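Sequence lines set the chain letters: A, B, ... in the order given, protein chains first and strands last, and positions in each chain run from 1. The model shown is predicted, which means the values in this text are computed figures rather than measured ones.
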Amino acid sequence: MKSTQELLKERTERVHKAIALEKTDRTPVIMMMDSFCARHMGVKLADFVSSLQASNKVMLDSAKDLGDFDGTNSAFAAGILFPLMFMTKVKLPGRELPDDTLWQLDERENITTDDYDTILNKGWAPFQIDYLKNRLGINLDKLFGELADTNQMVKNFEDAGYMVYSPLVTITVNEYLSGGRSMPRFIKDLYKIPDKVEAVLDVIQKETMDTLRQQIRATNSKMVFLAPSRGASEFFTPKLWERFVWKYIKGAADVIIEEGAVVNLHMDANWERDLDCFRSFPKGRAVFESDAATDIYKIKAALGDRMCIKGDVPATKLALGTPDEVYGYCTKLIKDMGAGFILTSGCSIPPNAKVENVKAMIAAGTGK
Amino acid sequence: MTKADLVKAMAELDEDLVVAGVKEQLASGVPAIDVLAALQQGMEQVGKLYEAGDYYLSELIMSADVFSTAAALLGEALTAGGGTAQLGTMVLGTVKDDIHDIGKNIVATIMNCNGFKVVDLGVDVPIANFVDAVKANHPQVVGMCCLLTTAFDVMKETVAAVKAADPSVTVLVGGGPVDANVSKYVGADGYCKNAQDAVEATRKAVS
């Protein structure tokens, strides 16, 4: 029987081989799981999100029960960190929501067009800190205090033999404004004051990328999770997309790759129109993670010779399907995608996914 | 500006031209209801461009903004002229335990722009509120949204309650994870992938 450290090494190598488009002994399975683990372990979501450490413990217990898979996307549930990424409040179970209801973004117009001038004049970081603390009322000291335990939370998984796929997370800068302004108002800004929005995004991008470089160097991260989902091709005309979305995805991905890490592109929604753009990244240095809204066979045709594909068992199938349906879907994907494929759910496994369906997904990958 | 020019300006989302055109038409004595009809024709063209893949969500959102700005100019004139007939009524809401509203709001606005009355119940809507709204407003269509898979079961209960209250009503569902399978699971009459789908499905339901 292999030790947990032997398992960790084997699983980590398997995942990195898949990312490098090399053939593996079996298709790696990475679990994008958070709220599901709470339901799986019979823990109320209110208790699950009470701290990052609490979610880490429940996720680890859930992983051990699920058994042989390669790793988890993150070491803890990120729900309470959403304000740092989307610049809007999050409603939490046990606080604004009933005890066992999933956390949800409370999106509204929090950032105003006047704030654009403040960002241009004072810079992003001073604005961001003041905005989060004083306008959204976020307890940053508490959050950063919890985040300081990230290494230990990652180690908890590694000690059990599971790799943590992408401990370092960043977001494309348009998401900050789209979340803080609300998506409809942000889109109107793109029509009415495009030059100002671009200037603001350029300021945010410069500062964010400087910080990201430092983080990659300090943590020696080999993988960075980049989430540009509100920028999906299906939402914007090509002209807007190239200027306000692609420019910043490309900029961020280039920095990550220059720093020696692989970029994991978390691509919720439909990106089919613009798949060819992603061919510009070096071979084997990017992963296209899909939630099934983009046809994975089109991703394979457009990018399969350039980058690893990660996906895409639909949340709906995990919640409403049968184990046979899930197993059949996964085995077909494994066969059709071939080398350079990591099996995972389409975005996070939902809390109401059936445990037997999640186990069927794992079984399809491991062949057990 | 001719009526055709106003329709074209609306379809091309040229807000300055639309506003100027509405003011010009009102000043020259064109009835407000006819000006509104031109704006709605422009919105129909927006819908066709969206269906053709020339326009995207970004243009749907902008079109609603331009339309609302222009329609506000007609406000008093429309009221003085006795208002305008609406094509039908939709009761709309995000189901209980789900607070997402962006998609719902876009549907409400686009439906309004296309001549439908929308009774917007908001988000996290209890089943009883959908039933009460159906009884009070006698809509032809009820639209239900969700972004969470955890809302499927309450959506199913809501559909059943609405159908029990008025078997003739058409129930349409939509939202990120909603597809034909989910529509079948919750017992709806159909699902809409986007706001334009909702307009077309409602047109069919009221015809």
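Checked against the 6.0 Å centroid criterion, the rings of F244(A) and F236(A) do not qualify as a close aromatic pair.
Looking at E234(A), only its backbone comes within 4.5 Å of chain B, counting heavy atoms on both sides. If you measure heavy-atom distances from F235(A) to chain B, the contacts under 4.5 Å come from both the backbone and the side chain. Neither the backbone nor the side chain of K317(A) comes within less than 4.5 Å of any heavy atom of chain B. With a threshold of 4.5 angstrom between heavy atoms, D98(B) approaches chain A through its backbone and through its side chain. Contact annotation for I99(B): both backbone and side-chain heavy atoms come within less than 4.5 Å of a heavy atom of chain A. In this structure, the portion of R273(A) lying under 4.5 Å from any heavy atom of chain B is its side chain and not its backbone. Contact of L105(A) with chain B is made through the backbone alone, with heavy-atom distances under 4.5 Å. Of the two parts of S182(A), neither the backbone nor the side chain holds a non-hydrogen atom closer than 4.5 Å to a non-hydrogen atom of chain B.
For the options D106(A), L318(A), T237(A), I187(A), heavy-atom pairs under 4.5 Å to chain B are most numerous at T237(A). Contact count against chain A (heavy-atom pairs under 4.5 Å) is highest for Y56(B) among Y56(B), Y55(B), F152(B). When T101(A), L190(A), T316(A), L102(A) are compared by the number of non-hydrogen pairs under 4.5 Å with chain B, T316(A) comes out ahead.
The closest side-chain donor-acceptor pair between T170(B) and D189(B), if any, does not fall under 3.5 angstrom. Side-chain atoms of N174(A) and T172(A) include a donor-acceptor pair closer than 3.5 Å. No side-chain N or O of S50(A) forms a donor-acceptor pair with one of D47(A) less than 3.5 Å apart. There is a side-chain donor-acceptor pair under 3.5 Å between D274(A) and S233(A). Residues Y191(A) and E59(B) bring a donor and an acceptor atom of their side chains to less than 3.5 Å of each other. Between the side chains of Y50(B) and D197(B), no donor-acceptor pair of N or O atoms lies under 3.5 Å.
Among residue pairs with one or both ends in residues 168-183 of chain B, none qualify as salt bridge (charged side-chain N to carboxylate O under 4.0 Å, His left out); sequence neighbours excluded.
Side chain of D291(A) to main chain of D268(A): no donor-acceptor pair is present (N/O by atom type, distance under 3.5 Å, no hydrogens or angles). A distance-only check finds no donor-acceptor pair linking the side chain of Q140(B) to the backbone of G88(B) [under 3.5 Å].
No more than 12 heavy-atom neighbours from other residues, nucleotides or ligands sit within 6.0 angstrom of NZ on K44(A).
For a heavy-atom cut-off of 4.5 Å, chain A lies close to L13(B), E15(B) in residues 11-23 of chain B.
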